[in-house]
Amino acid sequence: TDPSSPQYLWRINQYDDSGFGWAAPTTVIAELGETWSEPQFGVVKTTDSDTTGTPVFFIGGGYSSNNSSGKVVIAVEVLTGDVVKKFTTGMNYSFPSSVLVIDENNNGFVDKVYVGDIGGQMWRFASFVDSGNNPLSFPNCNENINSWTGQVFFKTDSSNSRKFFSPPSVTLEKGYDMVFMGTGDR
């Protein structure tokens, strides 16, 4: 909308709370916890032939002390509030922190996303094979978000006692990503 005359576009919530006097949410995401994550913006492809992309923001699902919610990473369409992609597979811990969005080849499309959970696991969301399931050489990624999956690539300890509350930092090196992370409790 126009910054000098902003307009209400949409609202996301964990449930429909319109009975409490609020405007009904445009999008309901039942997996949401306490939303501490700051949106991280980017443009994603939604098909292999997509050349324009879809503007989205990524958020972690939020905090939950008992991990009953927040076990999701979400890409939301900026103008409509619609969920473009929701990652939930294999997630046992909530994601309170912001995510880190990477455009490795600087072509304007998101290549991958990094974020840690409160179970001490660092995740990477991306696809490293083409539409024919052929491996891509680094740093190439399949930029079609609908082909992405989440992978845990680092675990702090076997008891999952160390928590990630902040996003990692990444240095893009020749042949690999160098990921820096720190754990702690709030």
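In this chain, numbering begins with 1 at the start of the sequence shown. What's counted below: heavy atoms across the whole structure, side chains too, no hydrogens, waters or symmetry copies.
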In Å, rounded to the nearest 0.5 Å, how long is the span from OG of Ser69 to CG of Leu32?
-> 8.0 Å
Close aromatic pair by centroid cut-off 6.0 Å: Phe95 and Phe164 | no
What heavy-atom pair brings Thr26 and Thr80 nearest, and what distance separates the two atoms?
-> CG2-O, 3.9 Å
Using the rule that two of Ile, Leu, Val, Met, Phe, Trp, Tyr join whenever any of their side-chain heavy atoms come within less than 4.5 Å, decide whether Trp123 and Val101 are in one cluster.
-> yes
Report the C-alpha distance between Glu34 and Ser64 in whole Å, list the side-chain angles of each, state the deciding distance to 0.1 Å, and finish with yes or no for side-chain contact (heavy atoms from CB on, under 4.5 Å).
-> CA-CA 7 Å; Glu34 295 177 18; Ser64 169; over 6 Å; no
CD (Glu38) and CD1 (Ile59) are apart, to the nearest 0.5 Å, by 12.0 Å
Residue pair Asp177, Arg124: steps toward the salt bridge (Lys or Arg N to Asp or Glu O under 4.0 Å) verdict = CA-CA 11 Å; Asp177 291 345; Arg124 178 179 64 188; 5.7 Å; no
Can Asn144 and Asp48 be counted as having a side-chain donor-acceptor contact under 3.5 angstrom?
-> yes
Hydrophobic cluster membership, Val44 vs Phe57, 4.5 Å side-chain cutoff | no
Same apolar cluster: Phe154 and Val113, side chain cutoff 4.5 Å = no
Nearest 0.5 Å please: distance from the OG1 atom of Thr47 over to the CD1 atom of Ile145.
-> 12.5 Å
Phe58, Phe87, Trp148 screened by ring pair (Phe, Tyr, Trp, His ring centres under 6.0 Å) with Phe125, the one that passes | Phe87
Identify, with sequence neighbours excluded, every residue that meets side chain to side chain donor-acceptor pair (under 3.5 Å) alongside Asn133.
-> none
Asp16: partners by side chain to side chain contact (heavy atoms under 4.5 Å, CB included), with sequence neighbours left out | Ser18, Ala24, Pro25
CE (Met181) and OG (Ser169) are apart, to the nearest 0.5 Å, by 10.0 Å
Check against salt bridge (Lys or Arg N to Asp or Glu O under 4.0 Å), Arg11 and Asp17 | CA-CA 11 Å; Arg11 185 169 77 92; Asp17 59 354; 2.5 Å; yes
Distance from Met178 atom CE to Leu172 atom CG, nearest 0.5 Å?
-> 10.5 Å
Any chain of hydrophobic side-chain contacts (each under 4.5 Å) joining Val72 to Ile12?
-> yes
Should Lys71 and Glu31 count as an ion pair when the cut-off is N to O under 4.0 Å?
-> no
Might you point out which heavy atoms bring Val110 and Gly42 nearest each other, and give the distance in Å?
-> CG2-CA, 3.8 Å
Counting only N and O atoms by type, is there a donor-acceptor contact under 3.5 Å from the side chain of Ser94 to the main-chain atoms of Asn67?
-> no
Does Thr35 reach the main-chain N or O of Ser37 with its side chain, forming a donor-acceptor pair under 3.5 Å?
-> no
Mind listing the closest non-hydrogen atom pair of Phe128 and Cys141 along with its distance?
-> CE2-SG, 3.4 Å
For Gly119, does its backbone N or O pair with a side-chain atom of Asn160 as donor and acceptor, under 3.5 Å?
-> yes
Taking every non-hydrogen atom, the tightest pair across Met122 and Pro168 | SD-CG, 3.8 Å
Show your reasoning for whether side-chain contact (heavy atoms from CB on, under 4.5 Å) applies to Val76 and Val84.
-> CA-CA 5 Å; Val76 177; Val84 174; over 6 Å; no
Do the non-hydrogen side-chain atoms of Ile29 and Ile74 ever get within less than 4.5 Å of each other?
-> yes
Is the side chain of Glu77 donor-acceptor paired with the backbone N or O of Leu79 at a distance under 3.5 Å, no angle test?
-> yes
side-chain contact (heavy atoms from CB on, under 4.5 Å) evaluation trace for Thr183 with Lys163 | CA-CA 5 Å; Thr183 61; Lys163 302 173 183 179; 5.9 Å; no
Which residues pass the side chain to side chain contact (heavy atoms under 4.5 Å, CB included) test with Lys45, sequence neighbours left out?
-> Asp50, Phe109, Glu143
Exercise: identify the closest heavy-atom pair between Val28 and Gln14 = CG1-O, 3.5 Å
Is there a side-chain contact (heavy atoms from CB on, under 4.5 Å) between Val115 and Ser97 once you walk through the steps?
-> CA-CA 7 Å; Val115 65; Ser97 89; 3.5 Å; yes
Does Val78 share a hydrophobic cluster with Val83, counting links as ILVMFWY side-chain heavy atoms below 4.5 Å and allowing steps through other members?
-> yes
Working to the nearest 0.5 Å, report the span between NZ of Lys112 and CD of Gln151.
-> 10.5 Å
Do any N or O atoms from the side chain of Asp2 and from the backbone of Pro6 form a donor-acceptor pair under 3.5 angstrom?
-> no
Look only at the side chain of Asn142 and the backbone of Ser127, and say whether a donor-acceptor pair between them is shorter than 3.5 Å.
-> no
Could you walk me through whether Glu173 and Thr171 pass the side chain to side chain donor-acceptor pair (under 3.5 Å) test, one step at a time?
-> CA-CA 6 Å; Glu173 298 291 333; Thr171 298; 5.0 Å; no
